[in-house]
Protein chains: 2
Amino acid sequence: MASDARERMVRSAIILLAQHGYQGTSFSEVLSHSQAPRGSIYHHFPDGKDQLIAAAVEVAGANAVAVLDALEGLPAAGIVDGFMAMWRAVLERSEFSAGCSVLAVTVSSDSAAAVEQAGGVFRAWTTRLAELLGDAGVAEPESFATLMIAASEGAVVLARAEHDLAPFESVHRRLLAVVG
Amino acid sequence: MASDARERMVRSAIILLAQHGYQGTSFSEVLSHSQAPRGSIYHHFPDGKDQLIAAAVEVAGANAVAVLDALEGLPAAGIVDGFMAMWRAVLERSEFSAGCSVLAVTVSSDSAAAVEQAGGVFRAWTTRLAELLGDAGVAEPESFATLMIAASEGAVVLARAEHDLAPFESVHRRLLAVVG
DNA sequence: GTCTATACGAAGATAGAC
DNA sequence: GTCTATCTTCGTATAGAC
């Protein structure tokens with residue numbers, strides 16, 4: 001299928017961003033990872049790399065929102081567990097070689113527009129998570145949602161750097177204690 | 001002074017890492033930022049970029065440990081405030097263009113050795129912070145220290161992406177509530 | 001200890017054939 | 001819609017003069 005190539009490239013860009021950051025996500029890497037045909041880069045992304053990265057951030061953001069949506073109606077502890085399980089899966093499946101692609105764009109992109117877009121994604125996550133926590137009866141849901149996003153992002157980085165799930169699990173337990 | 005050049009280059013590398021990540025910290029950038037003479041790169045860093053980055057991570061790690069040391073003897077809330085003040089200063093002075101250079105190396109370096117070294121720095125911070133918190137009478141000091149490092153690192157990223165100190169301050173307040 | 005010059009590869013991007 | 005070829009710029013690194 002022809003239009004499959006674009007989707008595969010975006011998906012590969014998300015993975016490569018999560019592993020090696022912005023500059024590590026080169027066209028060559030994306031093409032070899034996605035098995036997409038070389039001549040179709042500027043067909044699908046006429047504005048070049050910026051457009052590819054923007055698509056990747058958008059899709060990565062939407063993916064996490066979908067994970068959050070699936071947690072609707074759960075009690076607070078279930079929401080915490082579900083959200084942390086998503087990040088744990090990233091760490092385990094990649095053997096600590098991948099993290100959050102949106103965070104990677106924030107700290108390693110040279111494009112102000114890309115950072116802005118990442119900020120929008122973080123805001124969307126925080127807003128949706130706060131809704132769920134509020135429905136579950138958590139006090140000050142926005143404040144706890146912000147803590148949860150920040151702590152989980154940081155915990156993923158710590159686990160990656162230390163090649164150890166321990167700091168991630170420690171943060172997970174502490175978040176449960178706070179919300180309990 | 002001749003031997004000043006090396007120190008200036010390392011200092012510039014720390015700043016550039018915090019702003020643009022690993023690949024954004026090129027020799028050209030480091031040289032123009034540090035005003036160091038071009039011919040002295042491989043004099044001071046015969047092993048090239050890897051050696052420069054390693055020196056930057058080591059110094060950045062030691063700098064934060066020094067900040068922690070200065071908080072010795074304070075009550076728990078003072079330790080939280082002092083640690084968060086360090087990161088707040090980075091965000092404010094850079095107008096949200098800089099974050100943590102050790103985190104940046106973790107997520108955007110292509111060198112496994114550099115990531116290992118970053119992990120060692122995070123461990124050292126956590127250990128020292130846990131000591132201080134334990135002395136201040138905090139229960140489960142290691143677990144809270146890990147949460148604090150993770151949450152502060154994540155909060156810095158959120159504030160950068162959103163160009164707003166609000167998520168950072170929200171996390172700061174929540175950490176105080178947890179420890180208080 | 002610092003300089004210039006340069007080698008070599010990889011990056012993003014464009015042109016034009018098919 | 002995909003291909004090959006090519007351009008330019010930038011990155012790291014080295015050689016050899018001063």
Side-chain angles (χ1 to χ4, degrees), chain A residues 1-57 101 104-105 107-115 117, chain B residues 1-57 101 104-105 107-115 117:
Chain A
M1 245 221 212
S3 60
D4 222 29
R6 189 195 147 100
E7 197 179 332
R8 285 206 316 275
M9 280 190 274
V10 171
R11 188 174 169 72
S12 291
I14 293 175
I15 295 171
L16 291 167
L17 280 171
Q19 285 179 332
H20 306 116
Y22 182 86
Q23 271 93 348
T25 307
S26 66
F27 277 145
S28 321
E29 293 286 326
V30 170
L31 288 173
S32 74
H33 188 274
S34 65
Q35 302 279 357
R38 205 162 236 300
S40 63
I41 303 178
Y42 287 91
H43 173 73
H44 292 297
F45 303 97
D47 288 341
K49 185 168 178 174
D50 287 352
Q51 193 177 358
L52 172 61
I53 300 298
V57 171
S101 51
V105 167
V107 305
S108 65
S109 164
D110 51 359
S111 148
V115 176
Q117 194 193 356
Chain B
M1 240 223 213
S3 60
D4 223 30
R6 189 196 148 100
E7 199 180 330
R8 287 207 315 277
M9 280 191 274
V10 171
R11 190 175 166 73
S12 291
I14 294 175
I15 294 171
L16 291 166
L17 280 172
Q19 285 179 332
H20 307 118
Y22 182 86
Q23 270 94 349
T25 307
S26 65
F27 277 144
S28 322
E29 294 286 326
V30 170
L31 288 175
S32 73
H33 188 275
S34 65
Q35 301 281 358
R38 200 159 245 300
S40 62
I41 304 178
Y42 286 91
H43 173 71
H44 290 298
F45 303 96
D47 288 343
K49 184 167 180 176
D50 287 351
Q51 193 179 359
L52 172 61
I53 300 298
V57 171
S101 50
V105 167
V107 306
S108 66
S109 163
D110 51 359
S111 148
V115 176
Q117 194 194 356

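By convention in this document, chain letters (A, B, ...) are assigned in the order of the sequence lines, proteins followed by strands, and residues within each chain are numbered from 1.
- In this structure, the CG atom of A/Leu52 is 14 Å from the C1' atom of C/dA11, given to the nearest Å.
- Distance CG (A/Leu16) to P (C/dA11): 12 Å, rounded to an integer number of Å.
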Extract all donor-acceptor atom pairs below 3.5 Å that involve side chains of residues 33-40 of chain B and protein atoms in other chains or at least two apart in sequence.
from    : atom 1 : to      : atom 2 : distance (Å)
B/His33 : ND1    : B/Ser12 : OG     : 2.7
B/Ser34 : OG     : B/Val30 : O      : 2.7
B/Ser34 : OG     : B/Ala36 : N      : 3.3
B/Ser40 : OG     : B/Pro37 : O      : 2.7

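- Computed from coordinates, the A/Arg6 CZ to D/dT2 P distance equals 13 Å when rounded to whole Å.
- In this structure a side-chain-to-backbone donor-acceptor pair under 3.5 Å is missing from B/Ser108 to A/Gly21.
- For the OP1/OP2 pair of C/dG1 and a distance below 4.0 Å, the side-chain nitrogens and oxygens of B/His43 include at least one atom meeting the criterion.
- Phosphate proximity of D/dG1 to A/His44: absent, as no side-chain N or O sits under 4.0 Å from OP1 or OP2.
- Straight-line distance from the CG atom of A/Leu31 to the P atom of D/dT4: 12 Å, rounded to whole Å.
- Partners of A/Ser111 by side-chain contact (heavy atoms from CB on, under 4.5 Å), not counting sequence neighbours, listed by chain and number: A/Ser109, A/Ala113, A/Ala114.
- Judged as a ring-ring contact (aromatic ring centres under 6.0 Å, His included), and not counting sequence neighbours, the contacts of B/Phe27 are B/Tyr42.
- Atom CD1 in A/Ile53 sits about 13 Å away from atom P in C/dA11, given to the nearest Å.
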Dump the pairs, protein N or O against N or O of nucleotides 11-14 of chain D, anything under 3.5 Å, distances to one decimal.
from   : atom 1 : to      : atom 2 : distance (Å)
D/dG11 : OP1    : B/Ser26 : OG     : 3.3
D/dG11 : OP2    : B/Ser28 : OG     : 3.2
D/dT12 : OP1    : B/Lys49 : NZ     : 3.1
D/dT12 : OP2    : B/Phe27 : N      : 2.9
D/dA13 : OP2    : B/Tyr42 : OH     : 2.9
D/dA13 : OP2    : B/Lys49 : N      : 3.1
D/dA13 : O5'    : B/Tyr42 : OH     : 3.1

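- Note: CD1 (A/Ile41) to C1' (D/dG1) measures 13 Å, nearest angstrom.
- For A/Ala54, the side-chain contact (heavy atoms from CB on, under 4.5 Å) partners are A/Gln117, not counting sequence neighbours.
- Residues satisfying the side-chain contact (heavy atoms from CB on, under 4.5 Å) criterion with A/Asp50, sequence neighbours excluded, are A/Tyr22.
- The distance between atom CG of A/Asp110 and atom P of D/dT9, rounded to the nearest whole Å, is 17 Å.
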